[in-house]
Amino acid sequence: MTVLVDADTRVVVQGITGHQGTVHTRQMKLFGTQVVAGVTPGKAGSEVEGVPVFDSVKDAVAASRANAACIFVPAPYARDALLETVDAGIRLAVIVTEHIPFHDMLVMYHYAREKGARIIGPNCPGIAAPGKAKVGIIPNVVFRPGRVGVISRSGTLTYEIVNGIKEVGLGQSTCIGLGGDPVVGTSFVDALPLFQADPETDVLVMVGEIGGTAEEDGAEFIGQHFTKPVVAYIAGRSAPPGKRMGHAGAIISRGKGTAETKVAALEAAGATVARFPYEIPALVADLVKQQARR
Amino acid sequence: MTVLVDADTRVVVQGITGHQGTVHTRQMKLFGTQVVAGVTPGKAGSEVEGVPVFDSVKDAVAASRANAACIFVPAPYARDALLETVDAGIRLAVIVTEHIPFHDMLVMYHYAREKGARIIGPNCPGIAAPGKAKVGIIPNVVFRPGRVGVISRSGTLTYEIVNGIKEVGLGQSTCIGLGGDPVVGTSFVDALPLFQADPETDVLVMVGEIGGTAEEDGAEFIGQHFTKPVVAYIAGRSAPPGKRMGHAGAIISRGKGTAETKVAALEAAGATVARFPYEIPALVADLVKQQARR
Amino acid sequence: MVKLAEWRGKEMFRKYGVPLPRGAVARSPEEAESLTAKGAVPLPCVVKAQVLAGGRGKGGAVKFASSPAEARAAAASILGLEFKGEVVREVLLEEKLAIGHEFYVSFTLDRAARIPILISSAKGGIEIESVDDAAIDRQPVHPFPGLTSFERRRAARSLGVSGSVAKSLDRVLGALWQAFQAEDAELIEVNPLAQVGDGVVALDAKVIIEDDAAFRHPEYAEIRDDRTPLEEIAREKEIAFVQLDGNIGVIANGAGLTMATLDVLKEFGGDPGVFLDLGGTDDPNKVTEAFLLMAKAKPRAVFLNIFGGVTRCDTVATGLVAAMKQVPASDRFPLVARIRGNNEKEGIAILEAAGITATPGLKESAQAVVAAAKGAA
Amino acid sequence: MVKLAEWRGKEMFRKYGVPLPRGAVARSPEEAESLTAKGAVPLPCVVKAQVLAGGRGKGGAVKFASSPAEARAAAASILGLEFKGEVVREVLLEEKLAIGHEFYVSFTLDRAARIPILISSAKGGIEIESVDDAAIDRQPVHPFPGLTSFERRRAARSLGVSGSVAKSLDRVLGALWQAFQAEDAELIEVNPLAQVGDGVVALDAKVIIEDDAAFRHPEYAEIRDDRTPLEEIAREKEIAFVQLDGNIGVIANGAGLTMATLDVLKEFGGDPGVFLDLGGTDDPNKVTEAFLLMAKAKPRAVFLNIFGGVTRCDTVATGLVAAMKQVPASDRFPLVARIRGNNEKEGIAILEAAGITATPGLKESAQAVVAAAKGAA
């Protein structure tokens with residue numbers, strides 16, 4: 001394993017019989033991923049895209065030795081779907097489902113953490129390592145194997161940027177879409193050490209958004225511990241302050257959370273910050289060239 | 001540290017201004033223990049037996065660098081007292097309080113475990129290592145430094161047995177009274193590895209009771225991993241089946257939990273099982289002599 | 001622990017939304033007749049003795065009635081019966097439902113794993129101890145986050161139910177779990193949980209509430225059906241007191257020491273009849289109260305076995321001597337005292353001054369009290 | 001998110017046992033007069049505009065009344081006022097209490113730490129943003145086991161209260177925490193929480209319920225005070241739609257891409273007025289609906305910026321072309337489409353067949369739409 005997934009990753013898809021579950025099971029398989037089981041209560045014995053379906057994650061794991069989960073279960077049932085995965089011994093769960101209440105996600109996050117399991121998401125594109133495996137929904141076409149790592153809070157914008165990297169003739173080592181919900185299982189600061197330790201990543205692209213302090217916290221880690229070159233972009237520089245989360249929210253993130261504070265923190269940490277997404281591929285290509293010269 | 005406590009153990013007493021808290025703070029200090037702080041909300045600034053009192057465990061830890069807690073707080077408040085200790089970063093808590101509802105103890109146990117903290121008790125005599133430190137209420141007079149380890153589910157019976165060991169001219173390395181409640185933080189199987197690893201323990205005395213399967217689980221560990229000689233005793237061999245915990249309880253402990261099953265398991269694991277408590281000291285003395293001969 | 005009679009358990013179930021047969025409690029044959037006559041209990045109905053002991057069905061304590069007169073007769077024949085020492089004072093009348101499969105479900109504590117456990121079996125309606133292990137599903141339930149939907153689904157599978165019956169089971173399990181936690185129960189057992197139409201109904205209810213949680217549940221303070229009168233007094237005075245069939249009274253401190261004392265007495269041919277655990281008291285008044293309570297149980301001889309740790313031997317001795325003065329001469333009994341530990345010498349001196357011989361040896365004193373009990377016989 | 005008006009927040013607080021001033025809502029001056037005349041609201045009372053915007057005190061939206069006539073007059077002067085675009089349709093009348101110290105307490109989410117947080121300050125009654133950091137206590141509350149007694153005691157200390165006031169605070173914090181979880185709140189803020197006699201009373205209530213938890217809270221479905229009419233329609237159709245002051249409409253998919261699009265438009269001198277996030281749809285009907293909604297906002301030009309990942313470009317193109325046919329000629333606007341990714345060629349072909357030019361370059365197309373909006377001005 002390099003960053004979270006590799007050729008030994010064996011995926012169980014929870015909610016496999018739903019539309020999204022079925023579509024992306026197919027896409028994951030096309031990517032080369034071992035999708036070994038699906039779960040939909042009451043549908044045991046059936047098959048989706050050639051993948052056997054089970055009633056419970058425990059059954060699925062027993063039969064298939066799955067070691068990663070991809071969750072498409074609708075929001076009202078997502079909490080228990082994740083808990084079931086953790087109880088079944090799986091230690092990596094990508095939650096694609098959007099609109100999960102954050103109070104549910106708090107339970108999920110703390111339960112998983114206490115059992116030593118990692119959540120990516122919710123409301124996220126997931127993880128893809130070209131040539132190895134994909135757990136999630138990032139379009140296959142944007143990838144080619146390479147040495148650029150990507151961590152992003154966005155969805156579509158990530159696809160655009162990853163695609164841009166491919167278009168300048170480079171490829172990706174691993175791409176993680178963290179999801180943009182208020183509570184995410186894995187944040188920049190959790191994902192950065194994985195890329196620091198990854199021998200297959202030379203350059204990192206970090207795509208953030210306004211709101212929260214995840215980018216500032218990530219920048220602090222970059223400044224202190226991250227030795228590879230970073231190209232960053234923060235979406236929403238021109239967005240209106242919008243409908244804020246009341247006064248208390250402002251108290252928590254005092255003096256942080258705007259595009260300005262994020263960009264400043266990243267620049268202070270030594271990252272190259274792109275002003276627009278279309279600038280990223282060229283900046284990455286420059287860094288790669290500089291590295292080659294050294 | 002040898003088994004849980006040593007000369008660097010710094011105790012905060014929660015509920016220090018209560019009768020029991022005060023009495024045993026004095027006794028712990030007489031034993032040579034560093035009792036560095038006490039906690040009783042609303043009593044900050046006062047002193048008990050020369051020990052400064054704080055409003056919260058966090059304050060106490062900040063001021064005293066306490067690293068172990070001894071809890072005398074009444075049962076209705078014991079749950080939060082333990083949670084407070086864990087939140088303040090303390091990783092060893094002895095709970096003397098009796099009559100804590102087991103539903104509360106379930107919360108305490110799982111919370112502590114998930115934060116990496118160990119609970120001894122509740123409703124227990126605590127830990128004592130003569131010449132080092134005592135956290136709990138075992139009478140000082142029964143101890144003298146030596147190389148016999150003691151783990152017990154009982155209270156007074158433990159004092160009796162520990163005293164007996166002293167009376168045959170031997171001494172104790174560490175004695176742990178686990179408490180006899182339905183849910184205890186540390187069970188035989190949790191405590192045995194500590195004595196196995198302890199270079200200061202040559203022989204172990206294990207005192208059990210009827211009910212539950214803790215002795216059987218301990219015996220299994222002894223058979224598989226424990227290399228030191230063990231003298232065991234099970235109290236309640238003649239006790240009536242009494243008021244049982246309904247049918248479901250019997251289902252959980254099927255074929256276990258009686259004096260017979262416990263004695264059989266311990267004997268199968270190679271332990272010497274005493275029929276009566278007054279036999280223990282001589283059995284221990286024999287084993288010590290055998291060891292000396294080797 | 002507080003064992004709830006079936007009707008009380010069901011009253012509690014109702015609060016949490018568990019489906020139950022329509023029914024009511026009668027304390028006289030007249031009441032049984034009137035409840036059925038006015039339709040409060042639909043006919044035909046079942047009339048069940050409200051006792052805590054099991055095996056009612058075999059003991060003639062469950063009858064059927066299809067008219068108010070039959071209900072009256074059934075109640076008359078059941079009220080006043082005795083089951084394992086317990087006299088029937090209440091009957092529960094319940095509509096007779098057309099039941100399908102009978103299941104078993106319970107929530108209790110797995111002590112070794114320190115976790116609540118959901119036990120389920122498709123083989124309900126009989127004592128669960130007699131069910132084959134392979135037919136029983138045991139499922140731990142983490143207190144955080146509590147019972148989940150996949151755990152309930154697993155139980156449904158173990159019961160072999162699906163569709164609307166599974167949905168009904170799902171709701172019932174959720175309700176029972178909520179009750180298990182909120183009511184501080186040691187045990188919540190439904191056997192049988194029966195299929196009725198396309199749902200499930202709790203036909204029986206066995207609920208045990210934990211004593212230690214009494215401070216949160218004043219509503220259970222009045223339920224004392226399961227204690228002897230002396231045990232009840234002991235409970236009020238917070239003394240651990242258990243009555244058995246023997247004739248030697250044992251006063252000790254600590255459960256382990258008390259049990260060890262019984263073991264030693266039995267070994268020497270003694271027959272312990274009452275045991276009383278002083279716990280960690282150092283209040284002489286409590287010792288006096290305990291001793292007077294012991295006297296009321298009329299033992300042939302009493303063995304006082306104390307190891308003074310937290311407790312001081314002189315405190316116990318003082319309390320004991322004070323008590324002895326209050327026991328009428330007619331109720332006196334031989335007393336053997338063995339006290340060790342904290343302030344041992346002072347304690348022995350106090351006892352000897354009052355004419356009570358105290359020895360430190362457990363074996364010797366146990367033999368002495370057994371001899372005394374036999375001598376008094 | 002659903003912001004509750006003060007009176008709704010307080011109605012919810014009452015369910016959880018939070019002490020409140022006696023009061024009632026009036027929707028007309030007559031109702032205000034009658035509520036006070038018949039004693040439903042004791043006099044003297046406060047009359048407060050029920051709007052979601054802050055700063056009511058300064059805007060003349062809080063008045064006092066000591067007679068029914070004054071209450072009527074106060075209500076008359078407040079009802080119909082406009083605050084930041086929001087018209088006052090309700091006033092809350094509440095008894096005027098003799099208040100002591102004013103505190104601030106709230107429960108909200110600490111996103112970075114992924115944990116609920118209890119914020120408290122002795123400096124209540126003013127906007128918490130203006131309070132010095134050192135005067136604010138932030139305390140994480142683990143969802144398991146939930147708010148503990150020592151956390152409540154710490155809050156009491158940060159507020160500088162003790163004795164019976166601390167006890168009252170303790171109960172209020174317990175109730176607010178319960179509400180925070182059970183009601184799926186993003187924020188529960190009481191400012192001021194005022195000392196009244198020897199207890200505390202919530203004088204204001206700011207509550208925000210999370211939209212994503214709507215499935216658990218049908219009771220909040222009818223509260224839509226905080227949206228424009230078009231935003232309300234969008235919400236019903238589950239389209240993310242926000243109206244601003246500019247004149248360029250933006251349709252994109254994904255929040256990040258939408259924000260990046262706004263950034264680029266601003267860079268080239270554009271002024272985005274509406275943005276609409278299609279999300280991960282692959283339903284052409286939803287695209288059509290979104291587009292027609294956009295047309296209703298009457299933009300000067302529209303920029304469609306799609307990266308087809310999950311979404312297919314041809315689906316979007318098909319939906320867009322269908323929509324264009326339904327927009328009346330008078331409402332037409334210049335459209336610049338930039339589509340990339342999944343089925344890109346097919347999408348471009350569909351658009352071009354309908355006479356719409358599609359380019360893959362973000363920079364170029366952004367410049368084009370800015371020019372179009374200016375040309376249309």
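Numbered from 1 within each chain, the chains take letters A, B, ... in sequence-line order.
Counted within 6.0 Å of CZ on B/Phe143, heavy atoms from surrounding residues, nucleotides or ligands total more than 12; the atom is thus considered enclosed.
Taking the centre of each ring, B/Phe276 and B/Tyr233 stay at or above the 6.0 Å mark. Ring pair B/Phe72/B/His19: centre-to-centre distance not below 6.0 Å.
Ranked by heavy-atom pairs under 4.5 Å with chain C, the list B/Gly180, B/Gly211, B/Gly185 is led by B/Gly185. Ranking C/Gly341, C/Gly308, C/Pro143, C/Gly361 against chain B, the residue ahead of the rest is C/Pro143, based on heavy-atom pairs under 4.5 Å. The residue among B/Pro139, B/Ser154, B/Ala75 with the most heavy atom pairs within less than 4.5 Å of chain C is B/Pro139. Contact tally against chain C (heavy-atom pairs below 4.5 Å) for B/Gly208, B/Ser152, B/Pro76: the top residue is B/Pro76. In terms of heavy-atom pairs under 4.5 angstrom with chain C, the leader among B/Asn140, B/Val184, B/Ile138, B/Val142 is B/Val184.
At a threshold of 4.5 Å between non-hydrogen side-chain atoms, the residues B/Leu204 and B/Leu192 count as touching.
For the atom pair OG1 of B/Thr158 and CG of B/Leu178, the computed distance is 8.5 Å after rounding to the nearest 0.5 Å.
There is no contact between B/Ile161 and chain C, counting heavy-atom distances below 4.5 Å. With a 4.5 Å cut-off on non-hydrogen atoms, C/Arg114 touches chain B through its backbone and its side chain both. Interface remark: C/Leu265 contributes no atoms to any contact with chain B (heavy atom separation under 4.5 Å). Of the atoms belonging to C/Asn253, heavy atoms from both backbone and side chain fall under 4.5 Å from chain B. With a threshold of 4.5 angstrom between heavy atoms, B/Pro182 approaches chain C through its backbone and through its side chain. For chain B, the nearby part of C/Lys266 is the side chain; its heavy atoms alone come within less than 4.5 Å. Only the side chain of C/Phe215 comes within contact range of chain B, with at least one heavy atom under 4.5 Å from a heavy atom of that chain.
Between B/Arg153 and B/Glu215 there is a salt bridge, since at least one side-chain N of the basic residue sits less than 4.0 Å from a carboxylate O of the acidic one. Taking a cutoff of 4.0 Å between a charged side-chain nitrogen and a carboxylate oxygen, B/Glu49 and B/Lys29 do not qualify as a salt bridge. Salt-bridge annotation for B/Asp181 and C/Arg111: absent, with no side-chain N of the basic residue lying under 4.0 Å from a carboxylate O of the acidic one.
Proximity to chain C among residues 106-118 of chain B is limited to B/Leu106, B/Tyr109, B/His110, B/Glu114, judged by heavy-atom separations below 4.5 angstrom.
Proximity of a side-chain donor or acceptor of B/Glu216 to a complementary backbone N or O of B/Ala265 within less than 3.5 Å is not detected. In terms of modelled atom types and a separation under 3.5 Å, the side chain of B/Lys166 and the main chain of B/Val141 share a donor-acceptor contact.
Checking C/Asp184 against C/His217 by side-chain atom types alone, a donor-acceptor pair falls below 3.5 Å.
Residues meeting the salt bridge (Lys or Arg N to Asp or Glu O under 4.0 Å) test with C/Arg338, sequence neighbours left out: B/Glu160.
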